[in-house]
Amino acid sequence: MFPEVDAASPLLQNLNPEQRAAVTLPNEHALILAGAGSGKTRVLTTRIAWLLSTGQISPGGVMAVTFTNKAAKEMMTRLGAMLPVNVRGMWIGTFHGLCNRFLRAHYQLATLPQSFQILDTQDQLSAIKRLMKQFNVDEERFPAKETQWFISGCKEDGLRPRDVAARNEEDRKKVELYQLYEEQCQREGVVDFGELMLRSYELLRDNEPLRVHYQRRFRHILVDEFQDTNRLQYAWLKIFAMSPDGTSTAGNAVFAVGDDDQSIYAFRGARVGNMADFVREFHVQHQIKLEENYRSYSNILDSANALISHNKGRLGKNLRTQQGPGEPVRVYEAPTDLAEAQWLVEEMRHLARDQGTEPGFPRKETAVLYRSNAQSRVIETALFNAGVPYRVYGGLRFFERAEIKHALAYLRLLENPNDDTSFLRVVNFPPRGIGARTIEQLQDASRAAGCSLHDAVSATTGKAGANLGAFVAKVDVMREQTQNLSLREIIELVLEHSGLIEHYKAEREGAERIENLEELASAAESFVMQEGFGRDAVAMPVDELSQSPASQGLNPDQPLLNEPAPDYVEPDAETGETLSPLSAFLTHAALESGDNQAQAGQDAVQLMTVHSAKGLEFDVVFVTGLEEGLFPSERSMADMDGLEEERRLMYVAITRARKRLYISHSQTRLLHGQTRYNVRSRFYDELPEHALKWLTPKNQGFSGSAFGYGGGYGSTRLSGAGGTSWSSEKYASPPVPAQKAAPSHGLKAGLQVFHTKFGEGTVLSIEGQGDDARAQVKFNRHGIKWLALAVAKLTPVT
DNA sequence: CACTTTCCCATTTTT
DNA sequence: TGGGAAAGTG
């Protein structure tokens, strides 16, 4: 063993035997099966810290890949706390972030312009729509969304147009569109998310010296959430560790951490099978299971274990805890979705009251989970009426807001005038007399000349042409004027000269948009300060690469195991070429859409889908809407894989809870304007009776009836007033109609409130009743306003 | 070009 | 039912 282990032992101190074994594995491929709450991130970061502090590797030899920016950031923060090491120098990031970094470093080899821009999903869709219009593709037969899905799917499987076998006319058309789309992107100098991955994969695959260089460099490749990798990501990882023919390269080790039971992203291309493939293709000798759970009481874990045991073909894992049984899992059946929501709110009041006696649950430690976003509405209404502060996850993120995207489009045009997607977004925004007609003509001209819209402008004539010319001139002038300005100044100039600010000043809801635009300038400034810009996007300078651990203050005597290949020097390291701050910021904006958790400081109940709850934990968790057809979703019940994924989803939901878990469902639910009569989810019958406590009498379950789980029986609608054949004793008492009780909005004069648009304010007066109730509120920043309580979202500030 | 009307859709989400 | 996007109107 390494003598340095002793020196590193503080790192290993608080690990259990399995965790310690994982952290100290030899430099060989390994698969860590990490159950929910088993300290997965901890193992991952400690592994890196251990490798560094025992001198087995230098920072430049580490690559750690995650799926989300959040996870990458957390890893860097925790690592930085463990060791005095420059975490920025390491290749820690998301798949896409690392691919971006790689492509920026080798943009010539990748045949990309140096400041290529990244299309997000929206941009991609509009690019495809534009393409389809240009080639007169029938949007009825080929919806743009479907084309987008097809193209992304191909890329995720590593397929170029020529690799796709088309067996019918439709497929041929789609492949043709894929081909045209690629040409368009290349012409415009933009890449979509899939392209980032695919292109870097291909570059490594086809360029041997380059591949060998990186293979020698990254001796340790660590992967988080391995069960979520798609085909291409798997191939991408493999190319770092092996020759394309499958010959293993001596010396580097892939350390994959994942949990097959938490694989819930098959719908977007994730392949759990990658775990088994990994073991086979990499001849994995080291598999370690982390089954000790540090999060939940055993009643909760027993429920999770029992449920997931109904899935076939698992890699096999059982969570255990040293904590006691804890409280039973509480189960509730409501007559209506509204009643379910009201019960939930009532229960939350108790939780708040319990705070005085027991350790207590802060509101932000309470989460309400649901299968689909549509379910949040009833719950939100109930919480709102009860005056309980809450926060909903999901929805528009900062960089996805329309006004932000407009501003970014101008900025992108400064960097790259050929970016037609950006050109079209703002050519007539704010309006400057360039109509659809003019744009069509311009597009025809550009197609005929085979050039970008920008370049086609000079060929246009007439008054329309004059307007276009003015637009292009304006952008060109802005480009010159911003030449030597700081990023903040650039953005401020563009906001002003583009007319965006002026335009929104005139708009009724424009004030908020202007605030967002101002925030964009601030965000850019802090980006420059924090990142020292470009650091994110550029390959590491060579001196850092060859830096010995000694200069990191670590084990001076240990020889480096990862000498970079002498015959290859990373290009940017030589020239010191860096990306402009603007370009780096635009990349940042595309790769990190910004969190949507504004006002995170408030103590509010957390509402989110089960999917977005993955990776989080709360003291109290409500899992709602446990109904056949909803959870499991009827859309996924066609095949067994779909059902098993739903079960894993439920497993994820259950294992979010630390102390108290509620599971609820409703007999009826309003969906798409119609009342649906649902049967409680089959998942109830897969939970252990001993861990449950029914708060309402347990009715005859669907599985107990004579019907079994045939497809399509999950839920039904009442036809007319009749009712269906099987709505017997279960529905003997008609569901309680929606109560029209006076909604207690919980507001009164003098109360401090929060409004999502206007911010904080004070209630001056209330008038009207029920749906007509209005409140006069004096906002700190927006003056006095009347707000209809049925519409406005006012949250009491605590 | 702004505003209104109609129509269509409707798990899950990150990059 | 209700939101967003496309089509229609002054």
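This is a predicted model, so every value here is computed, not measured. Just so it is clear: chains get the letters A, B, ... in the order the sequence lines come, proteins before strands, and each one is counted from 1.
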- For the residue pair A:His665 and A:Phe631, is the inter-centroid distance of their aromatic rings smaller than 6.0 Å? no
- Task: Assert yes or no for the condition that the ring centre distance of A:Tyr504 to A:His406 is strictly below 6.0 Å.
- Result: no
- Using a cut-off of less than 4.0 Å, is there contact between a side-chain N or O of A:Ser612 and OP1 or OP2 of B:dT13? yes
- Message: Whether A:Thr609 contacts B:dT13 is assessed here as follows: a side-chain N or O lying under 4.0 Å from the phosphate OP1 or OP2. Is that the case?
- Response: yes
- Validation row: A:Leu607, A:Leu383 side chains within 4.5 angstrom (heavy atoms): yes
- Message: For a 4.5 angstrom cut-off between non-hydrogen side-chain atoms, does A:His96 reach A:Asn100?
- Response: no
- Item | A:Arg669 and A:Asn678: side chain donor to acceptor below 3.5 Å | no
- Task: Fit a plane to each ring of A:His611 and A:Tyr265, take the angle between them on a 0 to 90° scale, and name the class: parallel (under 30°), tilted (30 to 60°) or perpendicular (over 60°).
- Result: tilted
Under 3.5 Å, N/O pairs linking protein and nucleotides 4-11 of chain B:
residue	atom	partner	partner atom	Å
B:dA10	N3	A:His672	ND1	3.3
B:dT11	OP1	A:Arg635	NH1	3.4
B:dT11	O5'	A:Arg635	NH1	3.4

Taking [atom1] from [X] and [atom2] from [N], how many angstroms apart are they, rounded to a whole number?
X        : N      : atom1 : atom2 : result
A:His96  : B:dT15 : NE2   : P     : 8 Å
A:Gln148 : B:dT15 : CD    : C1'   : 13 Å
A:Glu507 : B:dC1  : CD    : C1'   : 14 Å
A:Met637 : B:dT12 : CE    : P     : 16 Å
A:Leu616 : B:dT14 : CG    : P     : 11 Å
A:Trp149 : B:dT12 : CH2   : P     : 13 Å
A:Asp120 : B:dT14 : CG    : P     : 13 Å
A:Phe193 : B:dT14 : CZ    : P     : 11 Å

- Task: Measure distances between side-chain N and O atoms of A:Thr121 and base N and O atoms of B:dT15, and say whether any donor-acceptor pair falls under 3.5 Å.
- Result: yes
Could you write out each protein N or O paired with an N or O of nucleotides 5-10 of chain C at a distance under 3.5 Å?
residue	atom	partner	partner atom	Å
C:dA6	OP1	A:Lys129	NZ	3.0

- Message: Looking only at the side chain of A:Arg377 (C-beta and beyond, no hydrogens), which of the listed nucleotides B:dT13, C:dG2, B:dT15 gets closest?
- Response: C:dG2
- Message: Checking A:Phe95 now: which residues fulfil ring-ring contact (aromatic ring centres under 6.0 Å, His included) with it, not counting sequence neighbours?
- Response: A:Phe67, A:Trp236
- Message: Any base atoms under 4.0 Å from A:Phe95, or only sugar-phosphate, or nothing? Heavy atoms, all strands.
- Response: nothing
- Query: Using a cut-off of 4.0 Å on non-hydrogen atoms, how would the nucleic acid contact of A:Asn69 be classed: base, sugar-phosphate, or nothing?
  - Reply: sugar-phosphate
- Pairs satisfying salt bridge (charged side-chain N to carboxylate O under 4.0 Å, His left out), at least one member in residues 124-136 of chain A, at least two apart: A:Arg130-A:Glu188
- A:Arg160/A:Glu202 ion pair, N-O < 4.0 Å: yes
- Row check, A:Phe399 ring normal vs A:Arg397 NZ/CZ: under 6.0 Å, within 45°: no
- Where is the tightest heavy-atom contact between A:Ser666 and A:Thr336, given as atom of each residue plus distance? OG-C, 2.8 Å
- Message: Among residues at least two apart in sequence or on other chains, which ones pass side chain to side chain donor-acceptor pair (under 3.5 Å) with A:Asp123?
- Response: A:Lys405
- Task: Tell me which residues in residues 423-438 of chain A put a heavy atom below 4.0 Å from DNA chain B, sorted by number, or none.
- Result: A:Asn428, A:Pro431, A:Arg432, A:Gly433, A:Ile434, A:Gly435
- Between B:dT13 and C:dG2 - C1' atom distance, rounded Å: 22 Å
